[in-house]
Amino acid sequence: DDYGEPPTSTVPIDDYGEPPLVILILELFPKLLKLLMPLLLVYAGIFFLVPTSRALYIAVENRRIKRRNDVRKRRAQEILSTSVQMIDKQSRARGKQALEVV
């Protein structure tokens, strides 16, 4: 049985009995990724959450601005029509005054 023997590595060993440094670093990579996976998932969530929430905020803000602009436009049109009516009324009154003077 092979239960008592330590597992053999397929990593090439140099003259001093140790694997090269590059191989040791590359063996750490999967372990590092396993440790970083929760952080990477949080980052991915934020990566999608921030632009989505910003787009929603901008859409809501644009609707508010459009409503505010519509109210301003309506008030400006009311003021303009009122001022046109006043000018017409004044011009008619002047016309009547001019007719009465003999």
Side-chain angles (χ1 to χ4, degrees):
D1 293 324
D2 293 333
Y3 295 112
E5 297 178 19
T8 58
S9 175
T10 58
V11 177
I13 298 175
D14 64 4
D15 294 336
Y16 299 108
E18 294 182 12
L21 184 61
V22 173
I23 300 294
L24 292 175
I25 291 172
L26 289 175
E27 284 180 343
L28 291 176
F29 190 69
K31 295 174 187 174
L32 181 65
L33 285 181
K34 187 176 181 180
L35 289 173
L36 290 177
M37 190 55 71
L39 180 64
L40 292 172
L41 287 174
V42 169
Y43 176 77
I46 291 172
F47 182 82
F48 287 104
L49 184 66
V50 169
T52 303
S53 61
R54 183 175 181 268
L56 289 173
Y57 171 76
I58 288 172
V60 168
E61 193 66 24
N62 283 342
R63 267 189 255 129
R64 287 182 192 156
I65 291 170
K66 185 175 180 348
R67 269 190 253 131
R68 188 176 65 215
N69 287 345
D70 290 343
V71 168
R72 287 179 180 174
K73 185 187 267 187
R74 195 172 348 104
R75 287 180 185 164
Q77 288 172 347
E78 290 171 1
I79 291 171
L80 182 63
S81 66
T82 303
S83 64
V84 168
Q85 289 172 357
M86 293 296 287
I87 291 171
D88 287 344
K89 189 176 181 180
Q90 287 174 352
S91 65
R92 282 187 304 227
R94 285 189 189 124
K96 287 182 182 180
Q97 286 176 347
L99 292 176
E100 290 178 11
V101 176
V102 180

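Note that the numbering runs from 1 along the sequence shown for the chain.
- Grouping the Ile, Leu, Val, Met, Phe, Trp and Tyr side chains by contacts below 4.5 angstrom, directly or via other members, places Phe48 with Tyr43.
- Side-chain heavy atoms closer than 4.5 Å link hydrophobic residues (I, L, V, M, F, W, Y) into clusters, and following such links, even through other members, never connects Phe47 to Leu40.
- Interatomic distance, CG of Leu26 versus CG of Leu21, reported as 9.5 Å (0.5 Å rounding).
- Taking CD from Glu78 and CZ from Arg75, the interatomic distance works out to 8.5 Å, rounded to the nearest 0.5 Å.
- The distance from atom CZ of Arg63 to atom CZ of Arg67, rounded to the nearest 0.5 Å, is 7.5 Å.
- Rounded to the nearest 0.5 angstrom, Leu33 CG and Leu39 CG are separated by 11.5 Å.
- Hydrophobic clustering, with ILVMFWY side chains joined whenever heavy atoms are under 4.5 angstrom apart, keeps Phe29 apart from Leu36.
- The salt bridge (charged side-chain N to carboxylate O under 4.0 Å, His left out) search around Arg64 returns Glu61, not counting sequence neighbours.
- Rounding to the nearest 0.5 Å places CE of Met86 at 12.0 Å from OG of Ser81.
- A salt bridge does not link Arg74 to Asp70: none of the charged nitrogens lies less than 4.0 Å from a carboxylate oxygen.
- Between Leu80 and Gln77, every side-chain heavy-atom pair lies at or beyond the 4.5 Å cut-off.
- Partners of Asn62 according to the side-chain hydrogen bond (donor to acceptor under 3.5 Å, both in side chains) rule, which considers only residues two or more places apart in sequence or in another chain, do not exist here.
- Listed by chain and residue number, nothing satisfies the side-chain hydrogen bond (donor to acceptor under 3.5 Å, both in side chains) test with Lys73 (two or more places apart in sequence, or in another chain).
- Taken from OG1 in Thr82 to CD1 in Ile87, the straight-line distance is 11.0 Å, to the nearest 0.5 Å.
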* To do: With side chain to side chain contact (heavy atoms under 4.5 Å, CB included) as the test, would you mind laying out the steps for Arg68 and Val71 before giving the verdict?
  => CA-CA 5 Å; Arg68 188 176 65 215; Val71 168; 5.8 Å; no
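- Counting non-hydrogen atoms of other residues, nucleotides and ligands closer than 6.0 Å to CZ of Arg54 gives a total of 12 or fewer.
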